[in-house]
There are 2 protein chains.
Amino acid sequence: MDTTQRTDQQRSADRRRRELLEAADRVVLRDGPGASMNAIAAEAGITKPILYRHFGDKGGLYAALAKRHTDALLEALRAALDAPAERRERVEATLDTYLAAIEARPQVYRFLMHPSDGASPGDPGFDVGKHSAPLLRRMGEELAEVIEERVDLGPDSQQLARVWGHGIVGMMHAAGDWWLGERPCSRAELVRALADLLWGRLAAAGDKLGGPSF
Amino acid sequence: MDTTQRTDQQRSADRRRRELLEAADRVVLRDGPGASMNAIAAEAGITKPILYRHFGDKGGLYAALAKRHTDALLEALRAALDAPAERRERVEATLDTYLAAIEARPQVYRFLMHPSDGASPGDPGFDVGKHSAPLLRRMGEELAEVIEERVDLGPDSQQLARVWGHGIVGMMHAAGDWWLGERPCSRAELVRALADLLWGRLAAAGDKLGGPSF
DNA sequence: ATCAAGTGTTACTTGCGGTAACGGTAGCCT
DNA sequence: AGGCTACCGTTACCGCAAGTAACACTTGAT
């Protein structure tokens with residue numbers, strides 16, 4: 001029959017696709033995101049045009065590759081987030097799940113988040129994109145300094161200030177990025193929402209220089 | 001004399017460098033980060049090798065370009081952060097400064113933060129790097145949903161939840177990225193620090209499903 | 001005049017993404 | 001059988017961009 005035949009072929013194609021993705025995974029995790037289509041094809045034991053027949057272009061392949069990993073990560077996060085427990089516990093579990101994931105497979109993480117960092121520095125590969133991280137890092141460090149010198153955080157203040165510096169900068173960055181794309185509200189509203197989010201322990205801590213507010 | 005001569009030439013070289021950077025700026029802001037060295041050279045009225053003599057390679061040029069903008073932005077942020085005012089005011093001013101900057105010059109922002117987004121979609125340009133944004137966005141949206149359905153935020157809850165969702169995800173992302181690179185503390189410590197940072201308004205707000213708090 | 005050094009050029013190499021055109025091989029039809 | 005279709009796979013190529021080598025022109029010091 002037509003349908004069974006088609007199904008057979010589709011199945012075979014899907015299996016092939018999965019094999020190719022696994023090969024691509026190996027190469028990308030070994031050579032970094034700068035891996036060439038030729039290398040991936042070689043790892044899979046075939047040649048380039050087949051990759052293109054399956055995935056259209058490099059973006060398609062990488063998107064398929066990314067989807068596998070992001071889906072897995074998102075599922076784990078959802079589980080942690082939906083667990084029946086106190087809110088703070090859930091939040092900590094979710095944070096820990098995410099951090100454990102990036103800790104366990106840093107290569108995957110780098111592929112998903114920093115696609116421009118090549119692996120072999122000898123290669124004349126791309127290095128476009130080495131700019132965002134420096135900016136975020138610098139902002140985080142500067143903010144950490146300001147926090148540490150102007151806010152009384154008790155013991156471990158330095159560690160805490162650095163974590164918060166980078167965390168707050170990341171919050172600002174991600175929220176700003178999303179806001180810039182969707183423009184869901186005015187700038188003032190966004191600022192207020194973010195400041196409100198921030199106004200917890202940070203607001204309760206007293207100033208180091210000024211009078212204690214508690 | 002040797003020194004004056006050198007100084008003269010160095011000055012001239014520096015002026016040239018600045019001119020080239022301005023030309024590169026124009027091109028990159030017009031054509032996106034996928035701009036070719038040829039295009040930049042053409043805009044500057046010269047040819048490729050000169051660019052390479054001045055900046056070494058494309059990464060060098062882009063780094064110099066990025067430095068200009070990041071320095072300017074960081075200075076503005078420092079000013080807002082060091083202003084003599086209440087802490088919350090300073091925080092809001094800093095957030096607003098950052099957001100105003102990315103709002104005023106989104107092209108610069110996109111160059112600094114999303115170097116892989118090409119400008120002309122007709123070009124067979126790079127699209128590697130379209131993966132990080134989707135993951136962050138998806139995480140932000142999912143978290144927003146969870147927040148909105150499980151936390152009582154009063155009016156404007158939807159807007160607030162989305163801002164917080166993306167903000168918190170960004171915080172987690174940036175802190176995790178920094179932590180993964182420097183390993184300044186254990187995972188548990190990081191989780192606790194971030195949860196502490198978060199525990200402000202979020203902790204004070206009552207559950208939607210549970211009993212209303214005050 | 002000559003030498004040195006910086007500015008600029010053309011013309012090339014290398015490597016990658018992407019494609020066209022061709023060669024096998026399996027199953028189905030009459 | 002023989003032929004049709006459809007898929008898997010190949011080699012060989014195009015276009016384009018990064019980066020470089022080698023050569024030419026001004027300019028000022030000696």
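As the structure is a prediction and not an experimental result, all values here were calculated from the model. For the numbers below, each heavy atom of this structure counts, side chains included, while hydrogens, waters and symmetry mates do not. Residue numbers begin at 1 in each chain, while the letters A, B, ... track the order of the sequences.
Overall, the helix from C/dA1-D/dT30 to C/dT30-D/dA1 carries an axis bend of 30° between its ends, with five pairs at each end and the value rounded to 10°.
Rounded to an integer number of Å, the gap from B/K58 NZ to D/dT20 P is 14 Å. Distance, A/N38 CG to C/dG17 P: 8 Å, rounded to whole Å. Separating the CG atom of B/L20 from the C1' atom of C/dT7 is a distance of 12 Å, rounded to the nearest angstrom. With rounding to whole Å, A/L51 atom CG is found 13 Å from D/dC8 atom C1'. B/D57 places its CG atom 17 Å from the P atom of D/dA17, with the value rounded to the nearest Å. Across the protein-nucleic acid pair, A/R53 atom CZ and D/dT11 atom P stand 13 Å apart, rounded to whole Å. When rounded to the nearest whole Å, the span between CZ of B/R17 and P of C/dT7 equals 13 Å. When rounded to the nearest whole Å, the span between OH of B/Y52 and C1' of C/dT7 equals 18 Å.
Taking the side chain of B/I50 as heavy atoms from C-beta on, and the options D/dG9, D/dG19, C/dG8, the nearest nucleotide is C/dG8. Of all nucleotides listed (D/dG9, C/dT9, D/dA18), D/dA18 comes nearest to the side chain of B/K48. Of the listed nucleotides (D/dT11, C/dG8, D/dA17), D/dA17 has the atom at the smallest distance from the side chain of B/S36. Side-chain proximity of A/I46 to C/dG17, D/dG9, D/dG19: nearest is D/dG9. Nearest to the side chain of A/P49, among D/dT11, D/dA18, C/dG17, sits D/dT11.
Under 4.0 angstrom from either OP1 or OP2 of D/dT10 there lies at least one side-chain N or O belonging to A/T47. Within the structure, every side-chain polar atom (N or O) of B/R15 is placed at least 4.0 Å from both OP1 and OP2 of C/dT7.
A centroid separation of less than 6.0 Å is found between the aromatic rings of B/F111 and B/Y62.
Atom-to-atom distance recorded for A/M172:CE and B/I102:CD1 is 8.5 Å, nearest 0.5 angstrom.
Considering all non-hydrogen atoms of both residues, B/A41 and B/K48 come closest at CB-N, 3.7 Å.
At least one cation-pi condition fails for B/R187 and B/W179: the charged atom is not both under 6.0 angstrom from the six-membered ring centre and inside a 45 degree cone around its axis.
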Using salt bridge (Lys or Arg N to Asp or Glu O under 4.0 Å), reason through A/E141 and A/R162 one step at a time and then give a plain yes or no.
CA-CA 7 Å; A/E141 287 296 329; A/R162 294 187 78 197; 2.8 Å; yes
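Pairs of residues two or more places apart, or lying in two chains, that qualify as side chain to side chain donor-acceptor pair (under 3.5 Å) and include a residue from residues 73-85 of chain A are A/R78-B/E142.
Listed by chain and number, the residues in a side-chain hydrogen bond (donor to acceptor under 3.5 Å, both in side chains) with A/Q158 amount to none (sequence neighbours excluded).
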